[in-house]
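Here's the structure, in C-alpha cells; my notes come after.
One is the number of the first residue; the rest follow in order along the sequence.
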Amino acid sequence: AVVSTQSTGNTLIKQLTPDSEPVNCVAFNPRATAKFYCALGEKIFGYDQRNVNEPCDTYSFHEEEVNQVSVGEKGQYLVSCDDDGTVICLDLTRPGGKCVSKHTTHENICSSVQWVPGRSSEIVSGGMDCKIHHRDVYKHRPIKTLTERLEQQGVHIINPPFVNSVSTHWGSRYMVAGYASGTVKVWRLGSKKVGYVPFKSLPQHNAGTGCVCLADKTTVVSGGNDGFIHISDLEGGHSNGTCEQVTSDSEPEVDDACTFKLLHGHKINWLCGSRDGDHVIVYACDETCAVTKYKVR
C-alpha cells in the first residue's frame, strides 16, 4: 500500500506505506484540510500532512474490508462502508473516534457512501444489492430506498445492476449514481419528507460505470470500463441542447445533448473533478500506475 502526497505544483512530498493492505480510498477533511484519511483493509488511518511519518489516528471499527470513507461538511463526522454492507459513522473529535451509529442496511457489499449536502445527519449509500439507501445516521432511521424505476412500475427485474458509485457535492441538490450496467442516473433532493427524486439519466457507458463524481454543483463526471470519461452539464452548458428536468417519480429519459465524451483508453478505476473558471479539471486513475489530468472547457 502506497499513499502519495503532492503539493499544488505536483511535487511529490511523501510516500506513505501504512500497511500491507491495498488502499481503497483516501478522503480529506473539508474543515481541517491538512488532515486526510485512508482506508486499508478493515482499518482507517488518519494522517496530518504536517507530519506524515506516522498516522495520528487509527480506527478499527469494521470487521470487513472498507470500500469508501467520506468526511462531513463540518469535519466532525466520518462515514465509511464495507464488504459486509455495514455503514459506520464516527465522531472524529473524540480520541480514537467514537462510533455514533452502525447500520447493516445493505444485503451485499456496500461500495460507496456520501453525505447529503446541507443535511448534516443524512447520508446516501449504494451497493451490490442494487439499491441506494438514503438515511439519517443520528436518528437511526431510513428515509428512502432508491431502486430501478421499473420496479416501481410493477415490472420485476430479474438481474438489476450493482451500484458501483454515488456522489454528492456541497451546495448541490443533486446526487449521481453509476451502475455496473453502464448507466448513470441523477436524482434531485426534495423536501425532508420526499427525499431524492429522479431527475434525469445521462448517456450510458458501453461497459460498467466504475466511478462518478460531481465536479461542481451541476457538472457530472463519470468513468467507465469502456475507457471513456463523460462530462455532463445538468444545466446544458456544453451544447445548445436543452436538458429536460424530471421531478416526479416517473422514469427520466436519457439526455445526450449536454455530454462531452473523452476517450481515455483504459478502464477507469477512480476519478475526481473540480471547476477552475470555465474549465473542468478531471484526475483519472486506471489500471496503470499513472494519474492523468484533463482540463476540459
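Remark: aromatic rings of Phe199 and Tyr174 are close, center separation under 6.0 Å. Taking the six-membered ring where the residue is Trp, the centroids of Phe228 and Phe260 are separated by 6.0 Å or more.
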Between Lys192 and Glu122, is a salt bridge (Lys or Arg N to Asp or Glu O under 4.0 Å) present by the stated rule, with each step listed? CA-CA 10 Å; Lys192 280 278 188 178; Glu122 297 180 16; 3.0 Å; yes
Val176 vs Lys185, side chain to side chain contact (heavy atoms under 4.5 Å, CB included): CA-CA, chis, key distance, verdict: CA-CA 6 Å; Val176 60; Lys185 291 192 174 184; over 6 Å; no
Applying side chain to side chain contact (heavy atoms under 4.5 Å, CB included), run through Gln49 and Lys35 and close with a yes or a no. CA-CA 6 Å; Gln49 291 190 76; Lys35 294 185 177 180; over 6 Å; no
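Using a distance-only test at 3.5 Å, with no hydrogens or angles considered, a donor-acceptor pair links the side chain of Ser112 to the main chain of Val166. No side-chain donor-acceptor contact under 3.5 Å links Arg135 to the backbone of Ile143. In terms of modelled atom types and a separation under 3.5 Å, the side chain of Thr183 and the main chain of Ser201 share no donor-acceptor contact. When atom types are taken as modelled, the side chain of Gln68 and the backbone of Val113 share a donor-acceptor pair closer than 3.5 angstrom. Asn24 places no side-chain N or O within donor-acceptor distance of the main-chain N or O of Asn67, the cut-off being under 3.5 Å. Listed for the Asp129 side chain is a donor-acceptor partner under 3.5 Å among the backbone atoms of Glu107. The closest donor-acceptor contact from the side chain of Ser232 to the backbone of Leu202 lies at 3.5 Å or more, if one exists at all. No donor-acceptor pair closer than 3.5 Å links the side chain of Asp216 to the backbone N or O of Arg275. Although no hydrogens or angles enter the test, the distance criterion places a donor-acceptor pair under 3.5 Å between the side chain of Thr168 and the main chain of Trp115. In this structure, the side chain of Glu73 does not engage the main chain of Gly171 through any donor-acceptor pair within 3.5 Å.
For the pair Lys98 and Asp91, the salt-bridge criterion is not met [side-chain N within less than 4.0 Å of a carboxylate O].
Two residues are said to be in side-chain contact when any heavy atoms from C-beta on lie closer than 4.5 Å; Ile231 and Val220 fail this criterion. Between Val100 and Leu90 the shortest side-chain heavy-atom distance does not fall below 4.5 Å. Using a 4.5 Å cut-off on side-chain heavy atoms (C-beta onward), Tyr179 and Asn164 make no contact. Contact check for Leu234 versus Thr219: no side-chain heavy atoms found under the 4.5 Å cut-off. When side chains are defined from C-beta on, Tyr59 counts as touching Tyr37, because their heavy atoms get closer than 4.5 Å. Two residues are said to be in side-chain contact when any heavy atoms from C-beta on lie closer than 4.5 Å; Val71 and Tyr77 fail this criterion. In this structure the side chain of Tyr47 reaches within 4.5 angstrom of the side chain of Cys38, judged on heavy atoms. The side-chain heavy atoms of His169 and Met175, taken from C-beta on, include no pair separated by under 4.5 Å.
The two residues Ser167 and Gln114 come nearest to each other via the heavy atoms CA-CG, 4.0 Å. Of all non-hydrogen atoms in Gly273 and Cys213, the two that sit nearest each other are N-SG, 3.5 Å. Across all non-hydrogen atoms, the minimal contact from Cys110 to Val87 is SG-CG2, 4.0 Å. Nearest heavy-atom pair, Arg50 versus Ala34, reported as atom, atom and distance to 0.1 Å: NE-CB, 3.9 Å. The shortest heavy-atom contact between Cys81 and Ser111 is SG-C, 3.9 Å. The shortest non-hydrogen separation linking Pro117 to Leu189 is O-CD2, 4.3 Å.
Considering Val124, Val197, Ile132 in turn, Val197 is the only one that fulfils the side-chain contact (heavy atoms from CB on, under 4.5 Å) rule with Lys144. Considering Glu42, Glu64, Glu65 as possible partners of Asp84, the one that fulfils the side-chain contact (heavy atoms from CB on, under 4.5 Å) test is Glu64.
Between the side chains of His62 and Thr86, no donor N or O sits under 3.5 Å from an acceptor N or O. A donor and an acceptor atom, one from each side chain of His134 and Thr145, are nowhere located under 3.5 Å apart. For the residue pair Thr209 / Ser222, no side-chain donor-acceptor distance below 3.5 Å is found, with atom types taken as modelled. Looking at Ser121 and Asp136, their side chains do bring a donor and an acceptor atom within 3.5 Å of each other. A donor-acceptor contact closer than 3.5 angstrom links the side chains of His264 and Asp286.
Val69 and Phe28 end up in different hydrophobic clusters when Ile, Leu, Val, Met, Phe, Trp and Tyr side chains are linked at under 4.5 Å. Linking Ile, Leu, Val, Met, Phe, Trp and Tyr whenever their side-chain heavy atoms come within less than 4.5 Å puts Val23 and Phe36 in one cluster. Placement of Tyr196 and Val79 in two distinct hydrophobic clusters is found when ILVMFWY residues are connected by side-chain heavy-atom separations under 4.5 Å, directly or transitively. Ile268 and Tyr294 end up in the same hydrophobic cluster when Ile, Leu, Val, Met, Phe, Trp and Tyr side chains are linked at under 4.5 Å.
Remark: Glu287 CD is packed, more than 12 non-hydrogen atoms of other residues, nucleotides or ligands lying under 6.0 Å away.
In this structure, OG1 in Thr218 is found 14.5 Å from CZ in Arg173, a value given to the nearest 0.5 Å. Here the straight-line distance linking atom CD1 of Ile109 with atom CE of Met128 works out to 4.5 Å at 0.5 Å rounding. We find the OG-CG distance between Ser172 and Leu214 to be 5.0 Å, quoted to the nearest 0.5 Å. The line from CG of Asp82 to OG1 of Thr104 is 7.5 Å long, rounded to the nearest 0.5 Å. Note: Phe162 CZ to Lys131 NZ = 13.5 Å, rounded to the nearest 0.5 Å. Summarising the geometry, atom SG belonging to Cys285 is positioned 12.5 Å from atom NE2 belonging to His266; distances are rounded to the nearest 0.5 Å.
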